[in-house]
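These notes are about the structure you will find just below.
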Amino acid sequence: MRDLKIPAQRHPEKAKRPDNPQPKKPEWIRVKAPTSEGYKETRNIMREHKLVTVCEEAGCPNVGECWSQGHATMMIMGEVCTRACTFCNIATGKPPEALDVFEPGRVADAVKKLGLNHVVITSVDRDDVEDGGAEHFAQTIRAVRRQSPKTTIEILTPDFIRCDDSALEVVVAAKPDVFNHNLETVPGLYPEVRPGARYFHSLRLLQRVKELDPTMFTKSGIMVGLGEDKQAVIQVMEDMRAADIDFLTIGQYLQPTPKHHAVDRFVTPEEFATYEKAAFGKGFLMVSATPLTRSSYHAGDDFARLKAARLAKLGS
């Protein structure tokens with residue numbers, strides 16, 4: 001029986017890779033261990049509803065802060081991903097189970113119990129499913145809408161690279177408030193960082209969302225510290241704006257284990273500030289660029305700012 005708590009079984013494709021040293025984190029990237037009552041309550045609700053969160057599976061450094069406020073990012077379609085990105089701590093391999101038809105209802109129950117004003121729903125990649133899980137995403141969105149009609153919904157989807165074009169149409173038709181799909185890194189690093197994906201396919205996916213529904217907010221993010229240079233990051237910003245992406249996130253890559261992709265460098269808060277300034281200058285409605293920025297970090301507050309920025313732009 002596979003035990004996903006054991007790194008070698010969690011990431012079998014990485015087990016024989018040489019170790020990459022894990023450098024000591026600088027002062028600006030350290031966070032406290034989660035201990036608050038709010039954290040424990042959120043964790044208990046997740047366990048009660050048998051839900052998986054990307055917060056835990058990906059080892060997010062912000063889990064203590066977010067969960068203490070009742071904010072958790074739901075991860076649907078299981079806890080085993082069919083991709084093997086070298087940066088990611090989510091378990092990889094062949095998923096042991098089919099999609100759980102009762103999961104959308106459990107997600108909706110948890111969202112209602114947590115009293116969320118804004119929820120982020122993401123997933124593993126399920127290349128073993130014909131539509132990549134598109135209908136499962138749509139059912140989850142609809143279930144949350146039924147139980148919590150005032151809750152705004154942000155989704156962080158796979159790339160649906162092996163699916164028919166109709167898969168994306170199914171997800172967009174379910175009307176999430178924000179459609180997020182992360183590019184993760186610059187195109188030159190895709191072969192070693194994101195080998196199962198294609199940069200321009202992911203970019204085109206986000207562009208198609210806007211073509212299908214021009215009113216839907218689109219969002220994407222990258223990590224820095226993987227070996228990219230500043231000019232490549234600026235070019236990704238240009239590509240994203242050409243695809244009419246509204247919201248950009250940039251955060252520091254943190255190496256989960258010695259078997260994962262090495263940290264090339266720790267980007268300083270000052271450099272993040274220059275990226276933020278450059279991105280706003282290129283026309284993004286919203287930018288979050290800090291060492292601890294993650295896709296769903298402060299997502300609810302950022303969504304409010306995103307809406308305000310669009311209204312301000314339309315009014316100018």
Side-chain angles (χ1 to χ4, degrees), residues 1-26 29-31 33 52-63 73 75-99 122-129 132-133 156-163 181-202 221-229 232 236 251-267 291-292 294-295:
M1 185 73 176
R2 187 178 177 191
D3 186 349
L4 298 185
K5 293 183 175 66
I6 301 172
Q9 293 188 34
R10 189 176 179 82
H11 303 288
E13 82 291 343
K14 296 179 175 72
K16 294 182 179 178
R17 290 182 53 157
D19 286 357
N20 288 315
Q22 292 177 279
K24 184 179 179 182
K25 295 173 186 172
I29 207 102
R30 295 176 195 170
V31 293
V52 179
T53 68
V54 74
C55 321
E56 291 181 292
E57 296 301 314
C60 179
N62 304 314
V63 64
T73 298
M75 191 171 80
I76 60 176
M77 302 198 288
E79 56 185 333
V80 178
C81 184
T82 54
R83 303 285 175 90
C85 298
T86 60
F87 65 85
C88 186
N89 200 35
I90 292 170
T92 56
K94 182 179 179 182
E97 71 283 304
L99 298 183
T122 188
S123 77
V124 291
D125 276 280
R126 289 295 299 257
D127 295 318
D128 58 317
V129 178
L156 173 55
T157 76
D159 59 14
F160 304 115
I161 198 169
R162 294 177 173 87
C163 307
H181 171 66
N182 284 332
L183 297 185
E184 305 291 11
T185 188
V186 303
L189 290 177
Y190 261 56
E192 59 182 283
V193 173
R194 206 175 171 221
R198 300 293 178 269
Y199 176 79
F200 287 104
H201 171 85
S202 286
I222 61 169
M223 297 168 288
V224 289
L226 284 159
E228 73 295 322
D229 61 32
V236 169
Q252 170 70 50
Y253 166 62
L254 298 175
Q255 184 182 341
T257 75
K259 299 296 183 184
H260 284 77
H261 194 287
V263 174
D264 177 69
R265 70 190 180 101
F266 288 107
V267 177
L292 288 173
R294 298 295 182 267
S295 289

* Structure fact -> Closest non-hydrogen atoms of G225 and V267, given as atom of the first, atom of the second and distance, are N-CG2, 4.2 Å
* Do side-chain atoms of S202 reach the backbone of L183 as a donor and acceptor pair under 3.5 angstrom? -> no
* Asked: Hey, is the main chain of T92 close enough, under 3.5 Å, to the side chain of H11 for a donor-acceptor pair?
  -> no
* Kindly indicate whether the side chain of E228, heavy atoms from C-beta on, has any atom under 4.5 Å from the side chain of V193. => no
* Structure fact -> Hits for side chain to side chain donor-acceptor pair (under 3.5 Å) against K259, two or more places apart or cross-chain, chain-then-number order -> D19
* Structure fact -> Between I90 and C81, the two heavy atoms sitting closest are CG2-CB, 4.1 Å
* To do: Measure across F266 and P23 and return the closest heavy-atom pair with its distance rounded to 0.1 Å.
  => CE1-CG, 3.8 Å
* Structure fact -> Minimal heavy-atom distance between P195 and A84, with the atoms involved, is CG-O, 4.2 Å
* Asked: Between R10 (side chain) and N89 (backbone), is there a donor-acceptor pair under 3.5 Å?
  -> yes
* Between atom CZ of R265 and atom CD of Q252, what is the distance when rounded to the nearest 0.5 Å? -> 8.0 Å
* K14, NZ: over 12 other non-hydrogen atoms inside 6.0 angstrom -> yes
* Asked: What are the two closest non-hydrogen atoms of L156 and T122, and how far apart are they?
  -> O-OG1, 2.8 Å
* To do: Taking the side chain as every heavy atom from C-beta outward, state whether M223 and L189 have any pair of such atoms under 4.5 Å apart.
  => no
* Partner of H261 by side-chain hydrogen bond (donor to acceptor under 3.5 Å, both in side chains), out of Q255, E192, R194 -> E192
* Asked: Can you check whether L226 reaches D264 side chain to side chain, under 4.5 Å on heavy atoms?
  -> no
* Asked: Does the side chain of I76 come within less than 4.5 Å of L99's, by heavy atoms?
  -> no
* Where do L4 and V80 land on the side chain to side chain contact (heavy atoms under 4.5 Å, CB included) test, with the steps shown first? -> CA-CA 9 Å; L4 298 185; V80 178; 4.0 Å; yes
* To do: Quick one: list whatever passes side-chain contact (heavy atoms from CB on, under 4.5 Å) with A232, sequence neighbours left out.
  => V186, D229
* Asked: Does a side-chain heavy-atom distance below 4.5 Å link D128 with P95?
  -> yes
* Asked: Tell me, do Y253 and H260 make a side-chain contact under 4.5 Å, heavy atoms counted?
  -> yes
* Under 3.5 Å, is there a donor-acceptor pair between the side chain of T82 and the main chain of D127? -> yes
* Asked: Within the side chain of N20, is there an N or O that forms a donor-acceptor pair under 3.5 Å with the backbone of V263?
  -> no
* To do: Please report the shortest heavy-atom distance between P187 and V236, naming the atom on each side.
  => CD-CG2, 3.9 Å
* To do: State whether the side chain of E184 and the backbone N or O of Y199 hold a donor-acceptor pair below 3.5 Å, judged by distance alone.
  => no
